[in-house]
Structures are given as structure tokens and as C-alpha cells.
> 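Mind looking over this structure? Questions follow.
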Amino acid sequence: MSVCFEVRPPYTGDGIPEQDARRVGMARKLTAARLRYCGLEALVDDATLIVSELVTNALQHGDGGQITMTMTVQAGVLRLAVHGETPGQPVARNAPDDAERGRGLLLVDCLAAAHGGTWGTEHNGTTTWCTLAVDGRP
């Protein structure tokens, strides 16, 4: 499954315009529906949280006018990827305890590891991806 949507970058403030913020919810709903269709209900909560973080990162840090989210299940692995023209290599970091943001990729890393997967970037940081084991399902 692949979905592509237009956004209004670049963002100069902390907030994401409401129209683009709705894209995060749309990506979550599509991910949940597809996983349920594939019989992967057990992954819905964690996968939708991962998608939220990846799409939000693309919105906050991307330079392009378009974001593409892809989801594939192959050889027992769920792969989630978001392409958003993000310059540089994203890094998981430990945010201060009182910070309201900055933990997204750390969450992605923890959730992926909990499901026997990993995360990374491609194309000079423009695509961030995550894999989760699907318990032997194709």
C-alpha cells in the first residue's frame, strides 16, 4: 500500500497547520485498516503510533510539498516508510524530562525493537523506515 499527499512546507514555527495535521490521522487510519485487512490486528496500536511519528517528522522537518507513506508485508516483516524530503539524517535522541517533543524516533526505535525490527533512513534522510516482525506471516 502506498499513499501520497500534498503538504505546505517549510514550517518556521513549532506548530503544524491543521490541514496538514489531519494527514497524520489519515495515515493512522489507513495503516490500521490495512493491517486489519491483512489479519495483523496485534500490530495496529504500535504500527499506527510509528506512522504518526514518521509522518509528523516529515511534516515538521521536510522541505518538499509532498509526503508518501508506504506499507508492505513480505517474508514475515511489516515495513513502514515515509518519504518527505527531510534533509540530513534523523537521529533518535533523549529529550529532557520536561520537553514536550523530541522523543518520536526514540519511540519508533523502542517499538521496532519490541517487535524484532529496526528503523533507519534512506536517500540522504528523505525516507525514514521501520520494520516489525509479523510472527512468521507472509
Side-chain angles (χ1 to χ4, degrees):
M1 174 189 84
S2 182
V3 63
C4 189
F5 47 92
E6 293 185 20
V7 295
R8 297 181 334 188
Y11 300 109
T12 56
D14 288 337
I16 297 172
E18 181 63 29
Q19 178 181 356
D20 289 345
R22 282 188 242 129
R23 304 294 193 191
V24 177
M26 177 197 71
R28 287 175 62 93
K29 288 176 185 173
L30 286 169
T31 299
R34 184 65 179 178
L35 288 172
R36 287 183 180 109
Y37 176 80
C38 293
L40 300 173
E41 177 76 32
L43 294 176
V44 169
D45 290 342
D46 290 346
T48 56
L49 179 53
I50 289 168
V51 164
S52 290
E53 297 301 334
L54 297 181
V55 172
T56 299
N57 262 9
L59 287 168
Q60 288 179 328
H61 304 292
D63 286 340
Q66 181 174 293
I67 291 176
T68 303
M69 180 191 80
T70 58
M71 179 171 68
T72 58
V73 179
Q74 187 173 13
V77 174
L78 168 65
R79 185 176 192 274
L80 305 165
V82 175
H83 178 82
E85 300 299 324
T86 305
Q89 296 291 328
V91 177
R93 59 187 171 129
N94 290 317
D97 290 343
D98 60 347
E100 293 183 15
R101 45 188 282 190
R103 294 177 186 85
L105 291 177
L106 183 60
L107 278 172
V108 170
D109 184 43
C110 290
L111 291 170
H115 289 280
T118 189
W119 74 278
T121 60
E122 297 174 355
H123 310 298
N124 297 323
T126 60
T127 300
T128 304
W129 55 267
C130 176
T131 60
L132 307 175
V134 182
D135 300 326
R137 295 183 190 194

> Donor-acceptor pair, distance only, cut-off 3.5 Å: does the side chain of T68 make one with the backbone of C4?
no

> Got a second to check how far H115's NE2 is from D46's CG, nearest 0.5 Å?
3.5 Å

> Under 3.5 Å, is there a donor-acceptor pair between the side chain of R79 and the main chain of T72?
no

> Specify the closest pair of heavy atoms between V134 and V77, including all atoms of both residues, with the distance to one decimal.
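In terms of heavy atoms, the two residues are closest at CG2-C, 3.6 Å.
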
> Would you say the side chain of Q60 lies within less than 4.5 Å of the side chain of T56, judging by non-hydrogen atoms?
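Result yes, sub-4.5 Å side-chain heavy-atom pair found.
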
> Can you name the nearest heavy-atom pair linking V55 to A27, along with the distance?
CG2-CB, 4.0 Å

> How long is the span from the CZ atom in R28 to the CD1 atom in I50, to the nearest 0.5 Å?
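With rounding to 0.5 Å, CZ (R28) is 11.0 Å from CD1 (I50).
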
> Return the CE to OG1 distance between M1 and T31, rounded to the nearest 0.5 Å.
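So the CE of M1 and the OG1 of T31 are separated by 5.0 Å.
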
> Using the side-chain contact (heavy atoms from CB on, under 4.5 Å) rule, take T118 and D109 through it: C-alpha gap first, then chi angles, then the decisive distance, then the call.
CA-CA 7 Å; T118 189; D109 184 43; 5.5 Å; no

> Taking side chain as C-beta onward, heavy atoms only, is N57 less than 4.5 Å from V82?
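Counting from C-beta outward, N57 and V82 never come under 4.5 Å.
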
> Measuring from C110:SG to L49:CG, what's the distance to the nearest 0.5 Å?
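Between C110 SG and L49 CG, I get 10.5 Å after rounding to 0.5 Å.
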
> Within the 4.5 Å heavy-atom criterion, are V51 and M71 side-chain neighbours or not?
no

> Can you name the nearest heavy-atom pair linking C130 to A112, along with the distance?
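Of all heavy-atom pairs spanning C130 and A112, the closest is SG-CB, 3.6 Å.
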
> Within this structure, what is the OG1-CH2 distance for the pair T121 and W129, rounded to the nearest 0.5 Å?
8.5 Å

> So V108 and T128, side-chain contact (heavy atoms from CB on, under 4.5 Å) or not? Walk me through it.
CA-CA 10 Å; V108 170; T128 304; over 6 Å; no

> Is there side-chain contact between I67 and R23, with heavy atoms separated by less than 4.5 Å?
no

> Once you round to the nearest 0.5 Å, how far does CG of L30 lie from OG1 of T48?
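Here the interatomic distance stands at 12.0 Å.
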
